[in-house]
Amino acid sequence: SDLILIANSGRGFTIPVHLIPEKPANMSAIVESSNREKLVGMIPTHQPEKHVMFTTISGMMRRNKISELYQAAMNSNPLHPASEPLVSALKVDEDEHILLTSKNAMSLRMPVSTIRVFAGLGSEGVKGMSFKDNDEIADVYTLPDPQTDINKMLDFSQGKKIDKKNTEKLEETQNYIITITDTGCLKKTTSHAFRPSGRGGIGVATKSKTKKAGNPFKIINMEDKKTLVIQKESGKIITFDLDKIPEANRDATGEQIIPE
């Protein structure tokens with residue numbers, strides 16, 4: 001089967017799976033390109049009725065069917081106008097949620113269904129996330145639908161006791177959001193601490209305002225993974241067992257467990 005490769009320029013390419021290099025460094029490792037393009041999406045084509053969510057650096061979002069994108073890529077047509085760089089092109093399901101994170105550590109969670117399915121590839125889409133000050137989208141992730149009342153979800157995230165049925169649902173749909181800062185602080189927060197909302201908001205803060213907390217340089221969505229591996233600029237590898245990292249509030253500082 002084929003993959004659709006999507007560049008931050010909005011260009012799309014199709015390529016058989018067996019031709020994908022094991023560790024491509026950039027788009028030039030996969031396709032011929034005169035520009036230094038960055039790969040932001042690798043979409044399988046075996047489920048053409050599924051959707052892809054595009055997100056630009058300023059928070060514009062658009063959702064399209066994979067079948068429409070595949071046809072355009074086969075004909076060498078652009079998949080997105082990309083008047084500004086794309087940050088992400090993710091395969092999404094209707095019952096999932098999207099978590100947008102910004103460089104200034106703001107996060108916005110919304111149901112995928114908040115962004116309608118577009119017909120045609122010429123639009124930038126609609127505003128998914130707004131910003132204060134000089135900010136931009138850093139990463140985009142998918143999360144499972146918690147399948148329960150929002151208040152129960154928030155109570156669960158704060159360690160409050162709720163009924164057994166909802167506890168089981170929330171345990172099953174829980175991911176962990178790992179925040180790493182430039183001062184060496186690391187924290188683990190349940191995905192249920194991020195309240196779902198509509199599109200277009202500024203989101204909620206995911207860092208403490210203390211000097212010790214520093215500025216986040218990476219926010220990671222951990223699903224079933226149990227180990228986090230970080231490579232410092234010096235080349236030193238640091239490994240963490242996520243089960244041993246205590247949970248922290250969404251706006252907590254975290255623990256300085258990475259030596260500066």
Side-chain angles (χ1 to χ4, degrees), residues 92-93 95-114 128-132 135 137-228 230 240-258:
V92 295
D93 290 326
D95 60 354
E96 288 182 314
H97 285 195
I98 288 283
L99 180 68
L100 304 170
T101 66
S102 82
K103 296 234 172 142
N104 288 346
M106 300 298 291
S107 294
L108 180 70
R109 178 177 184 167
M110 70 180 83
V112 164
S113 58
T114 304
M129 186 175 184
S130 301
F131 306 111
K132 286 182 177 180
D135 202 2
I137 296 290
D139 290 295
V140 185
Y141 302 106
T142 57
L143 296 173
D145 184 339
Q147 301 176 14
T148 190
D149 178 76
I150 291 177
N151 291 325
K152 290 186 183 296
M153 183 185 84
L154 296 177
D155 285 346
F156 176 88
S157 73
Q158 296 166 10
K160 297 179 182 179
K161 188 174 182 180
I162 60 173
D163 62 277
K164 181 179 178 181
K165 181 179 179 180
N166 281 296
T167 297
E168 290 175 349
K169 283 184 179 180
L170 290 166
E171 287 176 344
E172 183 180 341
T173 57
Q174 179 172 238
N175 285 11
Y176 284 106
I177 309 302
I178 308 297
T179 304
I180 309 166
T181 73
D182 56 10
T183 58
C185 290
L186 184 149
K187 69 176 178 181
K188 178 177 75 174
T189 306
T190 172
S191 58
H192 295 320
F194 297 83
R195 181 190 185 99
S197 65
R199 68 173 181 84
I202 62 172
V204 294
T206 56
K207 74 167 186 174
S208 167
K209 295 181 180 179
T210 64
K211 185 176 180 180
K212 177 186 174 183
N215 296 309
F217 70 83
K218 191 65 179 175
I219 298 175
I220 306 167
N221 174 30
M222 305 295 285
E223 299 177 33
D224 297 327
K225 306 175 187 71
K226 297 296 184 182
T227 303
L228 178 66
I230 298 173
F240 300 98
D241 182 346
L242 291 182
D243 287 336
K244 295 181 180 178
I245 298 174
E247 284 190 40
N249 294 333
R250 174 175 46 78
D251 56 355
T253 299
E255 296 188 16
Q256 187 160 0
I257 54 179
I258 306 173

Taken to the nearest 0.5 Å, the spacing of I202 CD1 from M129 CE works out to 8.0 Å
Check: Does a side-chain heavy-atom distance below 4.5 Å link L99 with N221?
Finding: no
One should read off an interatomic distance between L100 CG and S107 OG, to the nearest 0.5 angstrom, of 8.5 Å
Value for NZ (K187) from OG1 (T189), rounded to nearest 0.5 Å, stands at 4.5 Å
Tightest non-hydrogen contact, residues M110 and G128, listed as CE-O, 3.3 Å
Output for pair (D155 CG, I150 CD1), nearest 0.5 Å, gives 12.0 Å
Those residues at least two apart in sequence (or on a different chain) that pass side chain to side chain donor-acceptor pair (under 3.5 Å) with Q174 are Y176, T190
By salt bridge (Lys or Arg N to Asp or Glu O under 4.0 Å), D163 pairs with (sequence neighbours left out) K152
CG of D149 to CG of N166, rounded to nearest 0.5 Å, is 7.5 Å
Contacts of N249 meeting side chain to side chain donor-acceptor pair (under 3.5 Å) (sequence neighbours excluded), chain-then-number -> none
Task: Test item: I98 and T142 side chains (from C-beta on) under 4.5 Å apart, heavy atoms - done: yes
Counting heavy atoms not belonging to E172, are there more than 12 under 6.0 Å from its CD?
no
Taking every heavy atom of H97 against every heavy atom of P146, the minimum-distance pair comes out as CE1-CD, 3.6 Å
Rounded to the nearest 0.5 Å, the CD1 atom of I162 sits from the OG1 atom of T167 at a distance of 4.0 Å
Taken in chain and number order and not counting sequence neighbours, the residues that satisfy side chain to side chain donor-acceptor pair (under 3.5 Å) with S157 are none
Ignoring hydrogens and angles, write down the donor-acceptor pairs under 3.5 Å from the side chains of residues 191-199, residues two or more places apart or on other chains.
unit_1: S191; atom_1: OG; unit_2: N175; atom_2: N; d: 3.0
unit_1: S191; atom_1: OG; unit_2: N175; atom_2: O; d: 3.2
unit_1: H192; atom_1: NE2; unit_2: L170; atom_2: O; d: 2.8
unit_1: S197; atom_1: OG; unit_2: R109; atom_2: O; d: 3.4
unit_1: R199; atom_1: NH1; unit_2: K127; atom_2: O; d: 3.0

Across all chains, not counting sequence neighbours, the salt bridge (Lys or Arg N to Asp or Glu O under 4.0 Å) partners of D95 are none
Tightest non-hydrogen contact, residues R250 and V204, listed as NH1-CB, 3.4 Å
When every non-hydrogen atom of D135 is compared with those of K103, the smallest separation belongs to OD1-N, 3.2 Å
- Check: D93 and V112 side chains under 4.5 Å, non-hydrogen atoms: no
Discussion item. If you apply the rule side-chain contact (heavy atoms from CB on, under 4.5 Å), what do you find for T173 with D145, and how did you get there?
Written reply: CA-CA 7 Å; T173 57; D145 184 339; over 6 Å; no
